[in-house]
Every structure is written in C-alpha cells, then in structure tokens.
2 protein chains.
Amino acid sequence: MEKKKNEIIKHGANECPITATISVIGGKWKPPIVWLLLKGPMRYGALSKTMPEMSLKVLSKQLKELEADGIITRKVYPETPPRVEYSLTEKGAALRPALTLLSEWSETYILANN
Amino acid sequence: MEKKKNEIIKHGANECPITATISVIGGKWKPPIVWLLLKGPMRYGALSKTMPEMSLKVLSKQLKELEADGIITRKVYPETPPRVEYSLTEKGAALRPALTLLSEWSETYILANN
DNA sequence: CTGTATCCAGGGGGATACTG
DNA sequence: CAGTATCCCCCTGGATACAG
C-alpha cells in the first residue's frame, strides 16, 4: 500500500513552481486544515469537529500527506485516552504569507463580486 | 451542456477563503496556464506547444473554466486561419503577488530540499 | 480518542479522431 | 489554426463499520 508521497511537478515541459505548491496544499481539505493550523496546534478530534463535512478517512489521509510533505508534524501524547496534536512545521508556517494573499484575493475578487 | 462555472467554497463549516481560490486556479494545468499568461497574452497553439503533455481537450476545458471564473479573456481575431489569443483579466493579473509567493515557497522548500 | 478497512460513486484528466 | 466529440481509466473523496 505504498503511497507516492509528494509527486511534485513532473510537467516535463515547464516545471511550473506553482503546480509544485498546489500539489502539496491542493487537496480538497488541505487548505482549511493548514488555515486552521496557522492559528495554532489542534487535535485530531478538534479538526474533525471543526470540519464535520469531511469524513475521518479523508482527514487522516490529508494529514498523512501533509506530514509526508513536511508541512505538519504529528505529536502523540502517550496518555489514556490518547491525544494527538497536529501543528505546522517551519516549512508549513512559511506558507502563511502566500496563503494570506490567496485569502485576500478571494475576499476581493470572489466574495465581493457575488 | 451547462457547466457550474465557479462552484466556490461551499464547505458549509468553515468557508475557507483559500479553498475558494484553489478551486479557481487549482486544476492540474491551470497554474502553468496562468503562470504563462502572467508574462503576456498567448495563442491557443502556443499554449499547447508549450505544454505538450496536456491534451487539447483539457486545455480547452481549463481555458473555459478560467474564462468563466473571470481569470482570463478570450479574444478572437476574425482572420483566416483563425487566431485566438488568451490574456489575463485584471482579476487574473491580481493573482500575481500570491502566485509569486507560492512560487518562491516551492523554490525554497521543495526544489532546494531535494 | 484516534484512527484503519472496505466499498463505492463522481469527476478530472488522457488518447484519439473529427470539425469549422 | 482552434477547437469539439467520444471513450475510458484512475484517483479523490464519501459512508460506514471496525480496531487499538
């Protein structure tokens, strides 16, 4: 059940750097996840509760991929009941400026236009 | 053959503004397309030639979606043979700062890390 | 509480041939 | 030159049940 982790680019022709980034944060639920984690670490259950429309399987998968891509870290506290906390790595936190601009763009050109 | 144009957000729960933007520029070939058009208008054939791995159907589709979302404009010159030029709208050009940061992030954290 | 396993549907994207 | 039409495959994501 090997996964290919971060496939990255491979456009052959043009090597678009944006595609590389999108392939990392472009999953359906990855933007919200990263967006939430920018405000601070969160537990698995809290993430799920905040985004109830996302199934658990998908949440797990996206978290794994984000972890594999070095965007987030997973910290397990050996307690009962178990506690798992997700937080951004330095690499992940470095996305903040870009994501902020992306957010502002949507506020200006999408939300405002409707 | 009605398409739903820009579906936009609809996460119900969290309304992530980044998801809104990703849904607009997040197609597999949309980033390269927009990235190219940031340098100036391009013809259909030129786009196809620059990205040979993208099938014509997909190019047409992505262009239509980008146009429907107001990112690009399509200008037809009534000549023989036909000439069609695609260029960014103001809205599309406004993505430049965000895309630049996205690009820089990938240069720093992906390309450099390999 | 934090996941994994299984099954399944929908859509995006690819190859190719054809059209104005 | 600039597309459209058709067929098909794969992958993402969803629902549900089960496990550590």
Side-chain angles (χ1 to χ4, degrees), chain A residues 1-7 10-13 16 19 22-33 41-69 72-87, chain B residues 1-7 10-13 16 19 22-33 41-69 72-87:
Chain A
M1 217 166 281
E2 283 300 322
K3 222 166 33 63
K4 41 190 158 178
K5 301 197 172 191
N6 40 5
E7 172 116 349
K10 277 304 170 43
H11 271 176
C16 175
T19 300
I22 297 286
S23 74
V24 167
I25 59 161
K28 179 168 182 181
W29 292 98
K30 285 178 186 171
I33 291 173
M42 281 185 81
R43 299 177 58 172
Y44 183 84
L47 286 168
S48 176
K49 193 177 173 186
T50 308
M51 301 172 279
E53 298 194 313
M54 171 183 47
S55 72
L56 293 181
K57 189 197 83 171
V58 173
L59 174 56
S60 297
K61 191 187 176 194
Q62 311 268 295
L63 288 172
K64 274 189 179 175
E65 291 176 3
L66 286 171
E67 192 186 5
D69 286 332
I72 66 176
T73 51
R74 179 176 180 272
K75 181 165 189 182
V76 183
Y77 296 84
E79 309 170 354
T80 326
R83 179 157 63 107
V84 179
E85 212 169 61
Y86 292 92
S87 53
Chain B
M1 215 167 282
E2 282 301 322
K3 222 169 31 64
K4 41 189 159 178
K5 300 197 174 191
N6 40 5
E7 173 113 350
K10 276 305 171 40
H11 271 176
C16 175
T19 300
I22 297 287
S23 74
V24 167
I25 59 161
K28 180 169 184 182
W29 292 98
K30 284 178 188 173
I33 292 172
M42 281 185 81
R43 299 176 57 171
Y44 184 84
L47 287 167
S48 177
K49 194 177 173 185
T50 308
M51 302 172 279
E53 299 193 312
M54 171 185 47
S55 71
L56 293 182
K57 190 197 81 170
V58 173
L59 174 56
S60 296
K61 192 187 175 195
Q62 311 269 294
L63 287 173
K64 274 188 181 176
E65 291 176 3
L66 286 172
E67 192 187 4
D69 287 331
I72 66 176
T73 50
R74 178 176 181 271
K75 181 163 188 181
V76 182
Y77 296 84
E79 309 170 354
T80 326
R83 180 157 64 108
V84 179
E85 213 170 59
Y86 293 92
S87 52

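Letters A, B, ... are given to chains in the order of the sequence lines, protein chains preceding strands, and every chain is numbered from 1.
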Over all atoms of both residues, closest heavy-atom pair of A:T50 and A:A46
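Scanning both residues completely, I find the closest heavy atoms to be OG1-O, 2.6 Å.
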Which pair of heavy atoms, one from B:L56 and one from B:Y44, lies closest together, and at what distance?
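Taking B:L56 first and B:Y44 second, the nearest heavy atoms are O-OH, 3.4 Å.
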To the nearest angstrom, how far is [X] atom [atom1] from [N] atom [atom2]?
X	N	atom1	atom2	value
B:L59	C:dG12	CG	C1'	15 Å
B:I72	D:dA2	CD1	P	14 Å
A:I22	D:dT12	CD1	P	16 Å
A:Y86	C:dC1	OH	P	14 Å
A:L63	C:dT4	CG	P	10 Å
B:L66	C:dG12	CG	C1'	15 Å
A:K64	C:dG3	NZ	C1'	9 Å
A:L47	C:dT2	CG	C1'	12 Å

What pairs with [X] under side chain to side chain donor-acceptor pair (under 3.5 Å), at least two apart in sequence or on another chain?
X	value
A:E67	none
A:S55	none
A:S48	none

Taking only side-chain nitrogens and oxygens of [X], does any of them come within less than 4.0 Å of OP1 or OP2 of [N]?
X	N	answer
A:Q62	D:dG13	yes
B:R43	D:dA2	yes
A:S60	C:dG3	no
A:K61	C:dG3	no
B:R74	D:dG3	yes

Measuring from atom CD of B:Q62 to atom NZ of B:K57, what distance do you get when rounded to the nearest 0.5 angstrom?
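NZ of B:K57 is found 10.0 Å from CD of B:Q62.
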Starting at CG of A:D69, measure out to CD1 of A:I25 and round the result to the nearest 0.5 Å.
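One finds 11.0 Å between CG of A:D69 and CD1 of A:I25.
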Residues two or more places apart in sequence or in another chain: which of them pass side-chain contact (heavy atoms from CB on, under 4.5 Å) with A:P41?
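A:P41 satisfies side-chain contact (heavy atoms from CB on, under 4.5 Å) with A:E85, A:S87 once adjacent residues are dropped.
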Report for the helix from C:dC1-D:dG20 to C:dG20-D:dC1: angle between first-end and last-end helix axes, five pairs each, rounded to 10 degrees.
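Both end axes considered, the difference amounts to 50°.
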Verify side-chain contact (heavy atoms from CB on, under 4.5 Å) between B:L66 and B:K30, making sure each step is shown before the conclusion.
CA-CA 8 Å; B:L66 286 172; B:K30 284 178 188 173; 3.9 Å; yes
Show the numbers, then the answer: is there a side-chain contact (heavy atoms from CB on, under 4.5 Å) between A:V58 and A:K28?
CA-CA 9 Å; A:V58 173; A:K28 179 168 182 181; over 6 Å; no
Within the sub-3.5 Å range, which N or O atoms of nucleotides 14-17 of chain C have a protein N or O partner, and how far apart are they?
unit_1, atom_1, unit_2, atom_2, d
C:dG14, OP1, B:K28, NZ, 3.1
C:dG14, OP1, B:W29, NE1, 3.4
C:dG14, OP2, B:W29, NE1, 3.1
C:dG14, N7, B:K57, NZ, 3.4
C:dG14, O6, B:K57, NZ, 2.3

Taking it one step at a time, do A:W29 and B:C16 satisfy side-chain contact (heavy atoms from CB on, under 4.5 Å)?
CA-CA 9 Å; A:W29 292 98; B:C16 175; over 6 Å; no
Hey, mind stepping through B:M51 and B:I33 against side-chain contact (heavy atoms from CB on, under 4.5 Å) and telling me if it holds?
CA-CA 9 Å; B:M51 302 172 279; B:I33 292 172; 3.8 Å; yes
Between residues 75-84 of chain A and DNA chain C, which residues have a heavy-atom gap below 4.0 Å?
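Output list: A:P81, A:P82, A:R83, A:V84.
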Nearest-nucleotide wise, let me know which of A:Y44 and B:G27 is further upstream toward the 5' end of DNA chain C.
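With B:G27 and A:Y44 compared, the 5'-side residue is A:Y44.
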